[in-house]
Amino acid sequence: MRHSLVPALGIALALAAPRNLHAQPAAPATGSDPTATARAAIVDEMVTLTALAVQRGVPGDHVFQVGFGAGGEGLVAAYIAVPRAKFKAFQALLDARMDKQVGSTPTTQGSTSLAMKGLVPEILGLAVENGAIQKDVSGTTVTFRAKPMGIVKALQGKGVLDAYIDYTRYPTAAFASRFSGSVGFDTARGSTPGTLTADASQLSAWSIRAEVVNGRNPASDQYAGLWKRFGANLQSYPAAAAALNDALNGWKAFADWQKDLLDTIQAQVDTPFATNRNVDTAMGAFKKVLADKLPRLDALGDPPATVGAALDQYFSQLVVIQKQIDDIYAFANKGTLVTVDWSTARAHAVPDLYTVTGIVQTALGQARKTAFTLNVAASFYRSRPEMASQAFRSFDMTAQLEHPLGTSFVLPSATASLSARYSYLPNDTVAPTTATTTTVASAATTSAVAPKGSIGYFQARLTIPVTSTGVKIPLSITASNRTELIKEKDVRASFGITFDFDTFLNVLTANAKMK
Amino acid sequence: MHRVTSRTYIGQPGEMVTLTTQVDGGGQITVTLDGQPMTSAQFPLPATAGGHETLRILLVGPLGASCVVGIATVDGGTDGDFLMCQPHNPVPMNSYSFSAAAQASVTAFAAVKSGAAPTTRAKARPKKGGKTR
């Protein structure tokens, strides 16, 4: 029996779109001027609101005024409040990330993750995975994963919220958003190893994935009860919103500004639109009015004390509410997700390896604290490898339980997971192997016979986050009755660091905003 | 009933108001009239001239949830509004002011409105919530 205790250091950088389709979109990333950036985002929301109102055929001849006027000033209030501390606290919540998987897929050497997760970044994901420089761990894989619909929306210049609205409103867009694809490049390959050239010689894998069941859409009927209870339990917020409305309309300078805005929209947008019904022209005129009128709010000077107090109270309430909304999103994001994944792995020494994987992700318990993942996969080569008797390679089944240990544990917010994997090789087959000298650049891939039989893996894992910086330290121990190539028991411990670059940026951004 | 300005209406005492809502995108609404939950799609304006009512619609839901509002009969048709859950307005709440005035006043207002410029209309705006601004 061979026992090897091989520490593996896996550093995963995820430079991915920050949210999956049904995670909560946040405001755009801030630039050098947080106030200007936040206000630009608010103006975008005004335009989106109006465009959708037109699209939905809101009755009456004042459709371009739906985002303004007494009794409906939420976005204008936000625009005014941007420089205020209470707004910044709210904005920081908006910028907080929701959910994203960070780490390698289980087929990557040196990975600390055994079961493959089903979620994909919405727009474009770039993950650079560095395996440990060990004898049996090699390669640097760059994986791009995207939803085609997300790319289309991005190319159309639509923001995440617009894309999300399209998904919720158009069945075709929602259907298309169920598909995603990825391409992996091994930077150790090619004429310039260590450099990503993303050409055919570095292409190491590609995959397409389809969501069969998605129970993670917070807009679906199964979460209607949650939203209803949330709305019914709001006590202080309606009073704060009403008080803000009264305060704003009691501010004469603001009331005059608002009247001028509404009159201008009526004259330059709504009235011509009632005649010509030209949406593009009307939207252009509407944006022009906003560009002219909104900056004039700054000329009104500081809001009176009553307005300031009402704004602060309103955004204090929004901070509380936003956290409750985040909780609903987090709960929905643990719903059942069933995906089917077709992947192709390319290695020099063996034919392309196709793997079809069914992935079931769900959460156990009413609070959905314990995550359960089941992968069932079948792998076969494109053609029979020279040393194999069949093109078919293996059946694999992996199950994983993941449970947060909570803050009562000595390691705050640590997560424990147990994974088991069973593989059955019905015939002698082959597996690629990597012979490594001293550098990744000199890695060379060959193949060896993988004898038929059953392989069992077991992995226990502890993931420890380092505060909220996006850094996580996964510790794992894996035991198996044999490896693919060697019929000997194997016990392996590994530790690593995953670094969520997006979270790190958000922390920096939030800190900058709070200053 | 007539539209005075955005979300502000005036009509005769006891005139019936019809409210329609169309919620989309997983949203849920709470509708209150003078703070009390509204159970019917119709309600009358105050029975006496000078009376005032406030209708509030609160929309909760995921981002993108929306609600099309229709208020009738306003100037012979339906007046509309639109709420949507957005990042900077995650729980929109819109308020509508309904005032009752004597029939002669309402008729005069309608006559003025039909030929008046926006500034004139604004001068006819009733006091919201009975308060003087």
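So you know, we letter chains A, B, ... as the sequences are listed, proteins then strands, and number each from 1.
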Candidate pair F87(A) and H88(B), rule side chain to side chain contact (heavy atoms under 4.5 Å, CB included), full reasoning: CA-CA 10 Å; F87(A) 176 89; H88(B) 289 94; 3.6 Å; yes

Would the number of heavy atoms belonging to other residues, nucleotides or ligands and lying under 6.0 Å from [atom1] of [X] be above 12?
{"X": "D221(A)", "atom1": "CG", "value": "no"}
{"X": "Q222(A)", "atom1": "CD", "value": "yes"}
{"X": "K86(A)", "atom1": "NZ", "value": "no"}

What part of [X] gets within 4.5 angstrom of chain B, counting heavy atoms only: side chain, backbone, both, or neither?
{"X": "I321(A)", "result": "side chain"}
{"X": "L49(A)", "result": "both"}
{"X": "L318(A)", "result": "side chain"}
{"X": "Y237(A)", "result": "side chain"}
{"X": "A224(A)", "result": "both"}
{"X": "I328(A)", "result": "neither"}
{"X": "A332(A)", "result": "neither"}

Looking at [X] and [Y], what are the two nearest heavy atoms and their distance?
{"X": "P238(A)", "Y": "M93(B)", "answer": "O-CE, 3.4 Å"}
{"X": "G69(A)", "Y": "S6(B)", "answer": "CA-OG, 3.7 Å"}
{"X": "A242(A)", "Y": "R56(B)", "answer": "CB-NH2, 3.2 Å"}
{"X": "G231(A)", "Y": "L58(B)", "answer": "O-CD2, 4.2 Å"}
{"X": "G72(A)", "Y": "N94(B)", "answer": "CA-OD1, 3.4 Å"}
{"X": "A219(A)", "Y": "G25(B)", "answer": "CB-O, 3.3 Å"}

Q317(A) and V91(B): CA distance, side-chain angles, deciding distance, side chain to side chain contact (heavy atoms under 4.5 Å, CB included) verdict: CA-CA 11 Å; Q317(A) 286 296 317; V91(B) 185; over 6 Å; no

F82(B): which of V58(A), V63(A), T50(A) passes side chain to side chain contact (heavy atoms under 4.5 Å, CB included):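 Result: among V58(A), V63(A), T50(A), V58(A) is the only option passing the side chain to side chain contact (heavy atoms under 4.5 Å, CB included) with F82(B).
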
Heavy-atom contact with chain A under 4.5 Å, split by part of V69(B):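 When you check distances to chain A, only backbone atoms of V69(B) fall under 4.5 Å.
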
Separation between [atom1] of [X] and [atom2] of [Y], rounded to the nearest 0.5 Å:
{"X": "Q266(A)", "Y": "T5(B)", "atom1": "CD", "atom2": "OG1", "value": "9.5 Å"}
{"X": "R3(B)", "Y": "H62(A)", "atom1": "CZ", "atom2": "NE2", "value": "3.5 Å"}
{"X": "D246(A)", "Y": "S95(B)", "atom1": "CG", "atom2": "OG", "value": "8.0 Å"}
{"X": "L94(A)", "Y": "Q86(B)", "atom1": "CG", "atom2": "CD", "value": "11.5 Å"}

Among the listed options P59(A), G74(A), G60(A), A53(A), the residue most often paired with chain B at heavy-atom distances under 4.5 Å: P59(A)

Options T30(B), I29(B), T78(B), ranked by heavy-atom pairs under 4.5 Å with chain A, top entry: T78(B)

Most chain A-contacting option - heavy-atom pairs closer than 4.5 Å, from G61(B), G26(B), G70(B): G61(B)

Side chain to side chain contact (heavy atoms under 4.5 Å, CB included) between L63(B) and I325(A), intermediate numbers included: CA-CA 10 Å; L63(B) 289 174; I325(A) 291 173; over 6 Å; no

Check: P87(B) and E45(A) side chains under 4.5 Å, non-hydrogen atoms: yes

P92(B) vs L75(A) side-chain heavy atoms within contact, under 4.5 Å: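 In short, these two side chains do not touch, never coming nearer than 4.5 Å.
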
